[in-house]
Amino acid sequence: MNFRPCIDIHQGKVKQIVGETLNDEDKPVIENYVSEYDSSYYANMFKRNNLTGGHVIMLGDGNQDAAIEALQAYPGGLQIGGGINADNAAYYLNNGASHVIVTSYIFQDGELKRDRLEKLVSKIGKENLVIDLSCKKKDDKWFVVTDRWTKFSNIEISQATIEHMEQYCDEFLIHAADVEGKRSGMEASLVEKLADWVTIPTTYAGGVRSIEDLELFNKLSKGKLDVTIGSALDIFGGDLSYKEVVNYCKKY
C-alpha cells in the first residue's frame with residue numbers, strides 16, 4: 001500500500017473542497033481548506049518524502065499555471081487531471097507529468113466514447129494514462145460519475161468494467177464521490193470489491209480520516225490498493241498527521 005498525495009487546485013489556489021459541490025452555475029463551493037502556500041510548496045514536500053504517483057487536479061478553469069508549477073517542481077513525480085483530452089495531454093507530459101488522468105473526455109452522454117479513448121491512447125500510450133473511474137452509489141451499485149461528479153453515467157463499476165478498462169491504461173484513480181472531502185469514513189464495500197477486481201495499480205480516495213481507517217483500508221484491500229488522503233491531513237487543515245500517514249504507509 002502506497003500513500004499517493006494530492007494537490008487540488010481551484011481558482012489558482014491549493015484547496016481542499018467537497019468535490020460534489022463543484023458546479024458551473026456560480027453556486028457556492030464548500031471549501032474545507034484554502035492554503036497560504038502555492039502548489040510547488042506541496043510538490044517539493046512530496047518530493048522530499050519520496051512520494052511518487054500523487055496527483056494534481058485542476059478543478060475548473062484558470063488553474064493551468066499553478067498546475068505546471070507543481071509538475072515542474074517535481075518532474076516525473078506527479079500525475080495531472082482536470083480537463084485532459086487528446087489535444088492537451090502531451091503538453092502536460094512534456095511539462096513534467098508522469099501520467100495524465102482522464103474522466104469526462106472519454107465518458108460523454110452517459111457512455112464510454114471508445115473512439116476518444118483510443119485516440120488518446122494512440123497519442124500518448126497507455127503507459128502514460130490513468131483512467132478516473134470516480135463513482136457514486138445508486139441502487140446498491142456504483143456508477144462512474146462525470147462533469148465534476150454531477151452526472152451519472154451508465155458505466156457500472158464491476159469486474160467486467162475493470163477488466164475491459166485495464167486494457168487501455170496504466171492505472172486507475174477511483175474517488176468514492178459520496179464521501180470524498182467529508183471525513184466521514186471510507187466506502188468499505190467498494191474498497192473490498194476493487195481489491196478483488198483490479199490487476200493494475202489503483203488509487204482509492206474518499207473518507208479516510210485516521211490511522212485506524214488506514215489500518216482498516218489495508219486489511220480490506222489486502223494491500224492491493226494505494227490510498228490518497230486530502231482534507232483530513234494536518235497539511236490541509238485536518239487532524240491527521242501527514243508524517244504519521246507517510247511513515248505508516250512506508251511500512252507496507
Under 4.0 Å between a Lys/Arg side-chain N and an Asp/Glu carboxylate O for K243 and D234?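 No.
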Does K137 pair with D178 as a salt bridge, N-O distance under 4.0 Å?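 Salt bridge between K137 and D178, a charged N being under 4.0 Å from a carboxylate O: no.
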Decide if atom [atom1] of [X] counts as having more than 12 heavy atoms of other residues, nucleotides or ligands within a radius under 6.0 Å.
{"X": "K224", "atom1": "NZ", "result": "yes"}
{"X": "K126", "atom1": "NZ", "result": "yes"}
{"X": "K193", "atom1": "NZ", "result": "no"}

Kindly confirm or rule out a cation-pi arrangement of K138 over F152, judged by NZ or CZ under 6.0 Å from the six-membered ring centre and within 45° of its axis?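 Checked: cation-pi criterion met.
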Would I68 end up clustered with Y37 when hydrophobic side chains under 4.5 Å apart are linked, directly or stepwise?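 Linked within one cluster.
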Could you walk me through whether N63 and H10 pass the side-chain hydrogen bond (donor to acceptor under 3.5 Å, both in side chains) test, one step at a time? CA-CA 7 Å; N63 298 305; H10 181 244; over 6 Å; no
Atom pair CZ (F107) and OG (S134), whose distance is rounded to the nearest 0.5 Å: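 Reported to 0.5 Å precision, the distance equals 10.0 Å.
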Considering residues at least two apart in sequence or located in another chain, which fulfil the ring-ring contact (aromatic ring centres under 6.0 Å, His included) criterion with Y42?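 Y42 satisfies ring-ring contact (aromatic ring centres under 6.0 Å, His included) with F236 only.
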Non-hydrogen side-chain atoms of L216 and M186 separated by less than 4.5 Å: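 Yes. Closest side-chain heavy atoms under 4.5 Å.
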For a 4.5 angstrom cut-off between non-hydrogen side-chain atoms, does C135 reach L190?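 Of all side-chain heavy-atom pairs linking L190 with C135, at least one is under 4.5 Å.
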Output every pair passing side chain to side chain donor-acceptor pair (under 3.5 Å) with a member in residues 71-87, not counting sequence neighbours, ordered by first then second residue.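 Pairs touching residues 71-87 that pass the test: Q72-N95, Q79-E171.
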May I have all residue pairs that pass ring-ring contact (aromatic ring centres under 6.0 Å, His included) and include part of residues 185-226, sequence neighbours excluded?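 Residue pairs with at least one partner in residues 185-226: Y204-F217.
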